[in-house]
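First comes the structure, then the notes that go with it.
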Amino acid sequence: MKNNLFLDAAFSKQTERPPVWMMRQAGRFMPQYWEIKNKYSFLEMCKTPEIAADVTMLPVDLLDIDAAILFCDILVTGEAMGGDLSFTQGVGPKFANPVRNAQDIENLNVDCLDELQYVADAIKVIQQRLDGSIPLIGFAGAPFTVMSYLIEGGSSKDFKLTKLFIHNQPELAHKLLAKIAKVTADYLNLQIAAGVNAVQIFDSWALALSWNDYQEFSHRYIQEIIANLNRKDIPVISFCKGSSVFAPIMAEAKPDVISVDWNADLLNIKNALPKGIAVQGNLDPHILYADKAVIKAQIHKLFERMRGTEGFIFNLGHGIMPDIPFDNVKYAIDVVKEFRY
């Protein structure tokens, strides 16, 4: 690997500067993304290896980041299991056949890796194009988050149906989560076998859960997934919205990196974690709307706070919003890359 900064930091080694990549770094804030998106549906983009590679490479070529992340979606596991998935502009993802009862869960297929072969094919194309320049991150949605979409039938503001399901029918909820966890571990191992250099587990909606419910309906399944990964030389990143609260539990699953939202002091989180767990984050993405002087000052403030800390990857506390100016994102990355401890 020509640029080892990301992998070194992920394995808690000291680096000359923090490596940088950003969640949703290949996405709607880029005019070049829309040039592709206007020709294909979102799922066509995900399922056509050459197109997925084109989109994955956009931030590599245009932003000069320290790690690429596979272009795909967290809900492809739900689709592979039998969910009727679609994406509508302005609406988001929808499952036309939501999971609501025991029979619906029974109908979900766990032997579905063949349905996800297009992801492995995309990884091979991307790695050919990267040619050892920077690492490639694979990813999957965490079981609770994928379950919430399957039960709600799409996005939700209050997760009412999901929370009713876990409270009124916990045995069924665990049966569903166990199925998703099995598929997720197999899927991440498929990505590792295809050549990714790291993996991240996204629990986008964990913050909907109480502390006890997070332990029971999210953490235990992430722990199971990580335990079943072929993770030799492959760092595992655990992210959830709510990591500023749940980090102590997340650490029990033994990830290499915990990705932290912007609601906590990153150094305090790092110091409270077991030695050898790196942190990723945690700039508030809204700062990227601000003037460039503000962006630089906020990044430097975070870096000064983390000075002398091994195992620190710069990222946002969540993904880039679609209307953040491209120039601001590029400027932020340049600020990071010019910094030296």
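As a basis for the values below, the full set of heavy atoms in this structure was taken, side chains included, without hydrogen atoms, waters or symmetry mates. All values derive from a computational prediction rather than experimental measurement.
To the nearest 0.5 Å, atom CG of residue Asn197 and atom CG of residue Leu130 are 8.0 Å apart. Note that the NZ atom of Lys160 and the CG atom of Leu164 stand 6.5 Å from one another [nearest 0.5 Å]. Atom CG of Asn107 and atom NZ of Lys179 lie 7.5 Å apart (nearest 0.5 Å). Interatomic distance, Ile166 CD1 to Phe217 CZ, rounded to the nearest 0.5 Å: 4.5 Å. The distance from the CG atom of Asp261 to the NZ atom of Lys241 is 9.0 Å, given to the nearest 0.5 Å.
Here the closest heavy-atom approach between residue Asp158 and residue Lys163 is recorded as O-CD, 4.1 Å. Closest non-hydrogen pair, Leu75 versus Leu85, comes out as O-CD2, 3.8 Å. Across every non-hydrogen atom of Val91 and Lys94, the tightest pair is CG1-CE, 3.6 Å. Residues Ala198 and Phe6 come closest through the heavy atom pair CB-CE2, 3.7 Å. Nearest heavy atom pair, residue Ala278 against residue Ser12, reads N-OG, 3.6 Å.
Under a hydrophobic-cluster definition in which Ile, Leu, Val, Met, Phe, Trp and Tyr are linked whenever side-chain heavy atoms come within less than 4.5 Å, directly or via other members, Leu273 and Met250 are assigned to the same cluster. Side-chain heavy atoms closer than 4.5 Å link hydrophobic residues (I, L, V, M, F, W, Y) into clusters, and following such links, even through other members, never connects Ile320 to Val294. There is a path of hydrophobic side-chain contacts, each under 4.5 Å, that joins Tyr33 to Ile36.
Leu188 pairs with exactly one of Ile234, Val199, Val196 by the side chain to side chain contact (heavy atoms under 4.5 Å, CB included) rule, that one being Val199. Partner of Tyr221 under the side chain to side chain donor-acceptor pair (under 3.5 Å) criterion, out of Glu216, Lys182, His174: His174 alone. If you run side chain to side chain donor-acceptor pair (under 3.5 Å) between Ser218 and each of Thr145, Asp203, Asp213, only Asp203 comes through. Screening Thr56, Asp54, Asp61 against Arg129 for a side chain to side chain donor-acceptor pair (under 3.5 Å) leaves a single residue, Asp54.
With hydrogens and angles left out, the side-chain atoms of Asp121 and Gln117 include a donor and acceptor closer than 3.5 Å. Checked by atom type, the side-chain pair Asp66/Asn3 shows a donor-acceptor distance below 3.5 Å.
Salt bridge status for Glu106 with Lys175: present, with a side-chain N to carboxylate O gap under 4.0 Å. Between Lys301 and Glu304 no salt bridge is recorded (no basic side-chain N to carboxylate O distance below 4.0 Å). A salt bridge does not link Asp73 to Lys47: none of the charged side-chain nitrogens sits closer than 4.0 Å to a carboxylate oxygen. Using a cutoff of 4.0 Å between basic side-chain nitrogens and carboxylate oxygens, Asp256 and Arg231 are scored as salt-bridged.
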Derivation and outcome, side chain to side chain contact (heavy atoms under 4.5 Å, CB included), residues Val183 and Ile180 | CA-CA 5 Å; Val183 171; Ile180 300 169; 5.8 Å; no
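Annotation: Tyr40, atom OH; neighbour count of heavy atoms from other residues, nucleotides and ligands within 6.0 Å does not exceed 12. Dense packing is recorded around NZ of Lys337, with more than 12 heavy atoms of other residues, nucleotides or ligands lying under 6.0 Å away. The number of heavy atoms from other shown groups lying within 6.0 Å of CZ (Arg28) does not exceed 12. Summarising the local packing, CG of Asp114 is surrounded by 12 or fewer heavy atoms from other residues, nucleotides or ligands at distances under 6.0 Å. Around NZ of Lys39, the count of heavy atoms belonging to other residues, nucleotides or ligands within 6.0 Å does not exceed 12. The local environment of NZ in Lys37 is crowded, with over 12 non-hydrogen atoms from other residues, nucleotides or ligands closer than 6.0 Å.
Although no hydrogens or angles enter the test, the distance criterion places a donor-acceptor pair under 3.5 Å between the side chain of Gln191 and the main chain of Phe139. Between the side chain of Gln25 and the backbone N or O of Pro59 there is no donor-acceptor pair closer than 3.5 Å. A distance-only check finds no donor-acceptor pair linking the side chain of Glu115 to the backbone of Met81 [under 3.5 Å]. The main-chain N or O of Trp21 is found under 3.5 Å from a side-chain atom of Asn315 such that the two form a donor-acceptor pair. The backbone N or O of Leu288 lies less than 3.5 Å from a partner atom in the side chain of Asn328, making a donor-acceptor pair. Not one N or O on the side chain of Thr15 forms a donor-acceptor pair closer than 3.5 Å with the backbone of Ala9. Under the 3.5 Å distance criterion, the side-chain polar atoms of Thr48 are matched with a main-chain donor or acceptor of Glu44.
Taking the six-membered ring for Trp and thresholds of 30 and 60 degrees, Phe71 and Phe42 have ring planes more than 60 degrees apart, a perpendicular arrangement. The aromatic rings of Phe159 and Phe144 sit tilted, their planes meeting at an angle between 30° and 60°. Between Phe339 and Tyr341, the ring planes lie perpendicular to each other; the angle is over 60°, past the 30° to 60° tilted range.
Here Phe303 and Phe314 bring their ring centres to under 6.0 angstrom of each other.
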